[in-house]
Amino acid sequence: MKFREIEKKWQKKWEEKKIFEVKENPKKKKFYVLDMFPYPSGAGLHMGHAFVFSLGDIFARFKRMQGFNVLYPIGYDALGLPAENAAIKAGTHPKDYTKNSIKNFMRQQKAMGWSYDWSRMINSSDPEYYKWDQWIFLKMLEKGIAYRKKAPVNWCSKCETVLANEQVVNGKCWRHEDTDVEIRHLEQWFFRITDYADELINGLDKLGWPENAKKLQRNWIGKSHGTEIDFEINGKNWPIFTTRPDTIFGVTFMVISAQHSRLMELVTKEQKKEVDKFLKKIKTVSKKSMKEVEELEKEGAFTGSYAVNPMNGNKIPIYTGNFVLADYGSGMIMAVPGHDQRDFEFADKYEIPVKVVIQSKEADLSPERMTEAYTGTGKLVNSGNFDGLSNEEAKEHISIYLKEKKLGRKVVNYKLRDWLISRQRYWGTPIPVIYCDKCGIVPEKELPVKLPEKVKFGKGNPLATAENWIKTKCPRCGGKGRRETDTMDTFANSSWYYLRYTDSKNDKKIFDVKKTNYWCPIDQYIGGPEHITMHLIYIRFYTKFLRDLGLLKFDEPALRYFTQGIVHGSDGEKMSKSKGNVIEPFDMINKYGADTLRLALVSFASPDKDTNWDEKIVMGSYKFLNKVFDFFSEIKFSKPDRKTESKLNRIIKELTDDVEDFRHNLAVIKIRQLFDFLADNGADKKIAESFLKMLHIYCPYLTEELWGKLGNKTFISFEKWPVADEKKIDKKLEEQEKAVENLISDINNVLKIVGSKNKVFIYTLPNEKQFYSGSAILIKKKTNLDAEIYAVNDKEKYDPENKSKKAKPGKPAIFLK
RNA sequence: GCAGGAGUAGCGAAGUGGUCAAACGCGUGAGACUCAAAAUCUCAUGGCUCAGUGCCUUCAGAGGUUCGAAUCCUCUCUCCUGCACCA
């Protein structure tokens, strides 16, 4: 197959000449294009990879041709669970699995024609990479950003390990369908990302990201203003967070989360049995399916303790309940059944009194007859001195009152949690600390702390089986020490990799600040919508932390972000082996060539939309490229007319804008239109070259080949992107072209009615004759009729039926014979 | 429940106030080429009508704003995606 031959030839040339390797060049404007580095799975590239990396490559090639110094690197997010699971299943070592996967990936990536600077390749499972993960960790430890605390985790008693949320399926372990996942409280490492919560929200404003992506992040961080109110319980002070201080007089009970670490302090002897029974019942509180959560009934048990309402001294019973989150706010709520639906349902079930403190204008609110909480606005009642205030005013007044009496304060709360990074897993970055009986937690001195190779996979944390590795000396006192066996969340590896690309071989420092500040931030980042809430928050957090260390001169990692759509199977479902709808990119390359696949992927639809795979589109692209190839192989240059120049320049202008905004589907249509036009009307060398340059970003191989066929010795990859000469865009000419098309369409229309004819006579208005005078050839081609063109006032004209009187401006009259 | 997105001709998909019966691709039909087929090329493809440039009905549904709406507003329905009882 000719395309494959061509592709292999150019792939080799690019590689030999290393043409895509770049260096810092202060004289040249830089542009950093980045695709999220892939997880190298054993299955090789999937269609999503083929799509998203093609988008990156198209953009990198585009910017390169526009004269920018383009950094377009690639690497592998190689640490992670799948490698470890493959190890458990297939008995291979994660290291070998990863090595093979990367090899396979590279082969396929090169075949796709992606113009990476391979010299900067990184592999996060390489100790030379994760060494710097550890370095950052120790810096965070030093600055108090990394810390340790007890946290509830998902625990499978059969695996004897902590599970990630993704590994909890319907409350059961993913590998043990019969085993309920338990919540255990273990000491875990955290990053204090909440220190940056405000900056993470405010920084969004200046970013050129899609609005919905920004919104999603804002909601995820979830800043809310509220009041913390001190309740006295058993002589101790318990601050409680609320956004509704206006309802404080309506509090009739309190609910503490069943997962709260201090729950037992509140449980009295008499109630212990009941609470235990309740806790046992709700032991599995992990991720549930949507339905389960919706149907989940609010349940709880009385703890036996009472709180004192600081406003009126009332004694309030404290319950524990399954609907209160342990890690949001205070983990305990003041329950106002009159004005909060959840509290109402709970009160209803346990027959706790309802007290109305906001009067509704419409509804008659009497506790005995209420069937749901009143959550609207209104004037306060039953609220002591605050009666009569609107509840909005009361929020403010009550907060001020509490502050004056030192019973409360205004606080800001975030949904964003501190980032739990401990994983009881092998294939991750070892957390570089040592536990010493004398000195406590001591940072490792020698980095990297390498993963020991000899471990047992299967049960529990494999690292815990590496006895010799765990036993070590305390770097501080020289006494006995134990290594940390937890590894870091792999999201840590991907939170700063973009910086390492700027200086990936540096073995002295994490990177050379000069180089990094030349290339960064990323000018165009490209990835899936699923990364907006996790990865993109973490990478922003790391950037800000490293800036605070004085390493970076910028605050945000990526100025522009593009979210690509997902390519589904032809059945509209996600591509997956079990559904049997997987299309392998490599199969497509073998069948049609990489250029065809690349072109097809951006032709389905707007690249930010989800699409369904359709091989017909691939065949359409294939057909088109064959036509292009044939045309250029036998091209005879001709002098372009003004119409061609106009069309070309208009398309250059519009297409450049389309590419800049990732409207590749529309750009491709314009390329096709231009091609059709050139095929009909001819082109000179310059125009033909401009066409190839525009096609090049989509089909790099074919265009290199044809560029050579036109007699060029250079790489088209480094040619200048065409710039539109707006003076040559002639709207009138293009309108005339359209008028001729309409005329032909009219002729065909009549022809359809009257059957076949041999000749067409056309009568134009005198001033329009010149528009049509050259169109006889085209008319012959499209209608198979010989045309004679007259002006209506032409005395010599042949017009037996006097049709010429029907001619109108822009609409010549027709007579068929 | 909250947040985001979508619903356009046989299908995929552009189009966000007039130039819209609506780009482009696919499919389908007709024709050319050919002994024939494939490939390629040409035309047609909402309905009706006609030696034409006219009429009618359309852009999930119902209302509304406007001289004028696929496009703006309101409500409703359906589908997708993310989050999960956030006090």
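By convention in this document, chain letters (A, B, ...) are assigned in the order of the sequence lines, proteins followed by strands, and residues within each chain are numbered from 1. Being a predicted model, the structure only gives us computed values, none of them experimental.
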If we take the P atom in both B/G46 and B/G29, what is their distance in whole Å? 16 Å
Say whether, by atom type as modelled, one donor and one acceptor occur between the side chain of A/Y350 and the main chain of A/G300 under 3.5 angstrom. yes
Please report the distance, rounded to the nearest Å, between NE2 in A/H535 and P in B/G82. 19 Å
Which value, in whole Å, describes the distance between the C1' atoms of nucleotides B/C85 and B/G17? 44 Å
Just call it for A/V255: base, sugar-phosphate, or nothing, with non-hydrogen atoms closer than 4.0 Å on any strand. nothing
Nearest heavy atoms of A/A258 and A/F278, plus distance in Å: CB-CE2, 4.0 Å
Could you tell me how far apart A/I762 (CD1) and B/U53 (P) are, to the nearest whole angstrom? 17 Å
Return the stems involving RNA chain B, sorted by first number, where pairs are Watson-Crick (N1-N3 with N6-O4 or O6-N4) or G-U wobble (N1-O2 and O6-N3), both under 3.5 Å, and runs are 3 or more long. B:1-7 with B:77-83, B:10-12 with B:24-26, B:27-32 with B:40-45, B:46-48 with B:54-56, B:60-64 with B:72-76
Can you list the residues that meet the side-chain hydrogen bond (donor to acceptor under 3.5 Å, both in side chains) rule with A/E530, with sequence neighbours excluded? none
Walk along nucleotides 3-20 of chain B from 5' to 3' and tag each nucleotide B, S or - by protein heavy-atom contact under 4.0 Å, base first, then sugar-phosphate. SS--------SS------
For A/D608, check side-chain hydrogen bond (donor to acceptor under 3.5 Å, both in side chains) against everything at least two apart and list the hits. A/S606
Using whole Å, what does the distance between atom P of nucleotide B/A87 and atom CG of A/N391 come to? 16 Å
Heavy-atom count check: over 12 atoms from other residues, nucleotides or ligands less than 6.0 Å from A/K223 NZ? yes
What I'd like to find out is whether the side chain of A/F624 reaches to under 4.5 Å of the side chain of A/V668, using heavy atoms alone. no
Rounded distance in Å between the C1' positions of B/C55 and B/A62: 27 Å
Distance, C1' atom - from B/U76 to B/U28, rounded to whole angstrom: 37 Å
Considering all heavy atoms of both residues, which atom of A/P529 and which atom of A/T563 are nearest to each other, and what is their separation? CA-CG2, 3.8 Å
Rounding to an integer number of Å, can you tell me how far A/D348 CG sits from B/C85 P? 21 Å
What integer distance in Å separates A/L599:CG from B/C24:C1'? 13 Å
Would you name the heavy atoms of A/F231 and A/I240 that are closest together and state the gap between them? CD1-CG1, 3.5 Å
For B/U19 versus B/C26, give the span between their C1' atoms, rounded off to a whole number of Å. 28 Å
Using atom CD1 of A/I537 as one end and atom C1' of B/G82 as the other, report the distance to the nearest whole Å. 13 Å
Is it true that A/Y592 and A/E615 share a donor-acceptor pair across their side chains at a distance under 3.5 Å? yes
Tabulate atom names and distances for all N/O pairs under 3.5 angstrom spanning the protein and nucleotides 41-43 of chain B.
residue	atom	partner	partner atom	Å
B/C41	OP1	A/K627	NZ	3.2
B/U42	O2'	A/K782	O	3.0
B/C43	OP1	A/K782	NZ	3.3

Heavy-atom closest contact (A/T303 atom, A/L263 atom, distance): CG2-CD1, 4.4 Å
Whole-Å distance separating the NZ atom of A/K616 from the P atom of B/U28: 8 Å
Donor on one side chain, acceptor on other, A/N391 and A/D246, under 3.5 Å: yes
Taking atom C1' in both B/A9 and B/G15, what distance in whole Å separates the two? 14 Å
Using the P atom in both, what is the distance from B/U78 to B/G31, to the nearest Å? 48 Å
Identify which nucleotide among B/C26, B/C83, B/A87 has an atom closest to any side-chain atom of A/W220, counting heavy atoms from C-beta outward. B/C83
Quote, to the nearest angstrom, the C1' distance that separates B/U45 from B/G25. 14 Å
What nucleotide, of B/G25, B/A87, B/C85, holds the atom closest to the side chain of A/S224? B/A87
Considering residues at least two apart in sequence or located in another chain, which fulfil the ring-ring contact (aromatic ring centres under 6.0 Å, His included) criterion with A/Y328? none
For atom CD of A/Q341 and atom P of B/A87, their distance in whole Å: 16 Å
With a 4.5 Å limit on heavy-atom distance, are the side chains of A/W238 and A/S330 in contact? no
